[in-house]
Amino acid sequence: MPNWALGFGLFMMEMGWIAGARAILQNRFPSEQRATLLSMESFTFSVIMMVLSPLAGVIFSRW
């Protein structure tokens with residue numbers, strides 16, 4: 001499998017997960033809390049990706 005195909009597949013899985021998580025948050029919480037929850041979800045995702053992206057780069061560069 002070409003490297004670009006793996007990256008594209010991971011990107012598509014990630015986008016589906018984000019859309020599903022946001023839909024759940026929007027349906028389950030009142031509008032007063034929704035903006036805060038979506039901001040926290042976005043912040044948490046960014047922090048996780050700051051750690052996982054370089055780690056994935058190291059792993060795939062050695063593989």
Side-chain angles (χ1 to χ4, degrees):
M1 175 185 320
N3 289 336
W4 66 266
L6 178 62
F8 182 72
L10 291 172
F11 173 76
M12 294 305 289
M13 288 185 342
E14 180 180 310
M15 290 296 110
W17 179 81
I18 291 172
R22 287 193 178 149
I24 291 170
L25 288 175
Q26 288 177 357
N27 291 332
R28 291 183 141 248
F29 293 97
S31 60
E32 296 84 20
Q33 297 174 347
R34 194 175 303 142
T36 303
L37 287 170
L38 292 175
S39 295
M40 291 301 297
E41 183 267 336
S42 179
F43 174 75
T44 303
F45 177 77
S46 297
V47 170
I48 290 170
M49 290 308 292
M50 283 191 294
V51 173
L52 292 181
S53 294
L55 182 61
V58 169
I59 291 171
F60 286 119
S61 68
R62 293 183 183 196
W63 182 36

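All figures in this text were calculated on a predicted structure; none of them were measured in a lab. Excluded from the calculations below are hydrogen atoms, water molecules and symmetry mates; all remaining heavy atoms, backbone and side chain alike, are included.
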Legend entry - Residue list, side-chain contact (heavy atoms from CB on, under 4.5 Å) with V58, at least two apart or on another chain: R62

Inset, instruction - List for me each residue that meets side-chain contact (heavy atoms from CB on, under 4.5 Å) alongside L55, sequence neighbours excluded, and say none if there are none. - result: L52, I59

Inset, instruction - Hydrophobic side-chain clustering at under 4.5 Å (ILVMFWY, transitive links): who's grouped with V47? Put none if nobody. - result: F43, M50

Inset, instruction - Please name all residues satisfying side-chain contact (heavy atoms from CB on, under 4.5 Å) with P54, sequence neighbours left out, ordered by chain then number. - result: none

